[in-house]
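Below is one structure; the comments refer to it alone.
Protein chains get the first letters and strands the later ones, always in sequence-line order, with residue 1 at the start of each. The analysis underlying the following values was restricted to heavy atoms, covering all of them including side chains, and did not include hydrogens, waters or symmetry mates.
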Amino acid sequence: MPHVDVVHNKWLAGEQVPVARVFLIDRALKVECPDPDRWGSVVDRALAEVADRDPERALAMLSGVLSGSHLFATHDHDEQHCPFDSTWDAVRIDRVDVRSAVPAGG
Amino acid sequence: MSIEPFEDYLRTAPILHVSTFGQHGAHPSFRLTLEGGVATLAKPSSRAPDDGAAMVRYEVAGWELAKALGWTDLVSTTVMRTTNEVTGIMEEMSLQVLWPEYQPSIDISSVPDDDVWRAAIFDVVALHCDRSANWGGVEGRLKLVDHGYAFRAWPGRPFTSAFEAQKRGQHIDDEYYMALTGLDEDTLAGVAELLENDVLEQLAQRVEHLTDTRVLSLP
């Protein structure tokens, strides 16, 4: 099902950690958040900014609401294309091969 | 103690490592580790979602404004650097020191009210258009990041500051008033180098409005 990952960029640690997911289920937005005490209010504030939109549009707009260098929401995608494999595992930073100006991992 | 030598270091120190994440926010960024071990966040102008040349200047202008106000604890040192060692093309990018243990978008009520006030004033002066989540905390104190969407009007991005919303309409106390009255041609010289003339003029008008009314509000 389509969802958006809310992601914490831990630049110094070199890790990118999903901290919440917003799903579109039965035409409504549902939030999964392993640590709601820490991140619940952040997600709630973001959802409040798109509350006047239909759920599908609201989900698509989250990446524009949360788009910072340290905390952002991904574009909406399905589980098959989830950059975090729909897990809560951190993803490591990639070394950049400047010659090709892309991450060295691919 | 002047911070200029450190700024010069950031502009010129050899770049040891360049890294990035696969997923990114609005402005794809890179972690640059400089000789000596300082880790920084680079935002190349070519990768910006909008007017890249302006956005990277405004990132630096955020730091220059913090300096002008005497509030260098709010924003980490940010400089402009030109290099081809990040994207493979010679281009300008903002380079900002990374805070240790930075916690993004912390609860505003968890930081001192003084930090909230200063962030509110900063955001009004800077006309921040993207402050709904772009702040964080380090050891219980507020830090401000991401100043690309600031200083001028951005289509589709109205002025947005969670801090201004908290202090809107309130009287500006003496210590903040003094910081604002300290903004003049000399203290804003660093900001002026980075802003277009009309943008700088509007910033000056906002400052004048705040000092004339002593009420936190936009003109």
Side-chain angles (χ1 to χ4, degrees), chain A residues 4-20 35 37-50 61-75 77 81-85 90-106, chain B residues 15 17-33 38-44 46-47 49 59 83-89 91 94 96-110 130-136 143 145-149 156-157 160 162:
Chain A
V4 156
D5 303 289
V6 178
V7 183
H8 175 192
N9 280 343
K10 303 171 84 170
W11 287 102
L12 285 178
E15 287 185 339
Q16 198 168 49
V17 185
V19 298
D35 188 357
D37 288 342
R38 173 63 181 95
W39 301 106
S41 61
V42 176
V43 178
D44 288 345
R45 282 201 310 269
L47 289 174
E49 290 200 36
V50 295
M61 290 179 69
L62 281 177
S63 60
V65 173
L66 282 176
S67 60
S69 56
H70 293 72
L71 185 75
F72 70 97
T74 62
H75 292 292
H77 51 267
H81 296 102
C82 181
F84 301 96
D85 293 329
V91 171
R92 288 290 308 165
I93 202 167
D94 289 319
R95 179 176 53 85
V96 172
D97 180 350
V98 177
R99 286 170 298 173
S100 58
V102 294
Chain B
I15 298 169
H17 309 292
V18 179
S19 308
T20 193
F21 291 119
Q23 302 297 310
H24 52 77
H27 197 155
S29 306
F30 296 77
R31 186 184 70 188
L32 270 56
T33 307
V38 176
T40 61
L41 189 70
K43 294 187 178 184
S46 67
R47 303 295 173 95
E59 290 281 356
T83 179
N84 62 357
E85 294 180 58
V86 177
T87 61
I89 60 173
E91 62 173 313
S94 61
Q96 183 171 79
V97 175
L98 287 164
W99 292 107
E101 295 189 319
Y102 174 89
Q103 291 296 322
S105 204
I106 54 169
D107 190 335
I108 291 176
S109 66
S110 71
D130 194 22
R131 191 81 80 201
S132 59
N134 291 330
W135 70 83
K143 309 301 175 192
V145 297
D146 296 334
H147 299 111
Y149 283 121
R157 287 185 176 267
T160 304

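- Contact annotation: the side chain of A/S69 never approaches that of B/Q96 to less than 4.5 Å [non-hydrogen atoms, C-beta and beyond].
- In this structure, A/Q16 contributes its side chain and B/Q23 its backbone to a donor-acceptor pair below 3.5 Å.
- In this structure, A/L66 and B/A133 approach most closely via the heavy-atom pair CD2-CB, 3.6 Å.
- When heavy atoms are compared at a cutoff of 4.5 Å, B/L41 approaches chain A solely by way of its side chain, counted from C-beta outward.
- Interface remark: of the candidates A/V7, A/L12, A/D5, A/L12 forms the most heavy-atom pairs closer than 4.5 Å to chain B.
- The contact between A/E49 and chain B is made entirely by side chain atoms (from C-beta outward), counting heavy-atom distances below 4.5 Å.
- Looking at A/V91, the atoms closer than 4.5 Å to chain B (heavy atoms on both sides) all sit in the backbone: N, CA, C or O.
- B/P49 does not touch chain A: none of its heavy atoms, backbone or side chain, sits under 4.5 Å away.
- For A/A73, no part sits under 4.5 Å from any heavy atom of chain B, backbone or side chain.
- Looking at every heavy atom in both residues, B/V86 comes nearest to A/V96 through O-CG1, 3.9 Å.
- With contacts defined as side-chain heavy-atom distances shorter than 4.5 Å, the pair B/P104/A/W39 qualifies.
- Using a 4.5 Å cut-off between heavy atoms, B/I106 touches chain A through backbone and side chain atoms alike.
- Between B/T20 and A/R95, every side-chain heavy-atom pair lies at or beyond the 4.5 Å cut-off.
- Rounding to the nearest 0.5 Å gives a distance of 9.5 Å between CD of B/E101 and NZ of A/K10.
- Test A/H70, A/R45, A/R38 against B/S105 for side-chain hydrogen bond (donor to acceptor under 3.5 Å, both in side chains) and you get one pass: A/R45.
- Looking at B/V18, the atoms closer than 4.5 Å to chain A (heavy atoms on both sides) sit in the backbone and in the side chain alike.
- Residues B/D130 and A/S67 are in side-chain contact: their nearest non-hydrogen atoms beyond the backbone lie under 4.5 Å apart.
- Few gaps surround NE2 on A/H77; more than 12 heavy atoms of other groups in view lie less than 6.0 Å from it.
- For the residue pair B/F30 and A/W11, the shortest heavy atom distance occurs at C-CZ3, 4.1 Å.
- Residue contact with chain B, scored on non-hydrogen atoms closer than 4.5 Å, involves the backbone and the side chain of A/I93 alike.
- Ranked by heavy-atom pairs under 4.5 Å with chain B, the list A/A46, A/G14, A/A13 is led by A/G14.
- Using a 4.5 Å cut-off between heavy atoms, B/Y102 touches chain A through backbone and side chain atoms alike.
- For B/H24, the part lying near chain A is the backbone, with the side chain staying farther off; criterion is any non-hydrogen pair under 4.5 Å.
- Listed here is the closest heavy atom pair of B/N134 and A/G68: OD1-CA, 3.3 Å.
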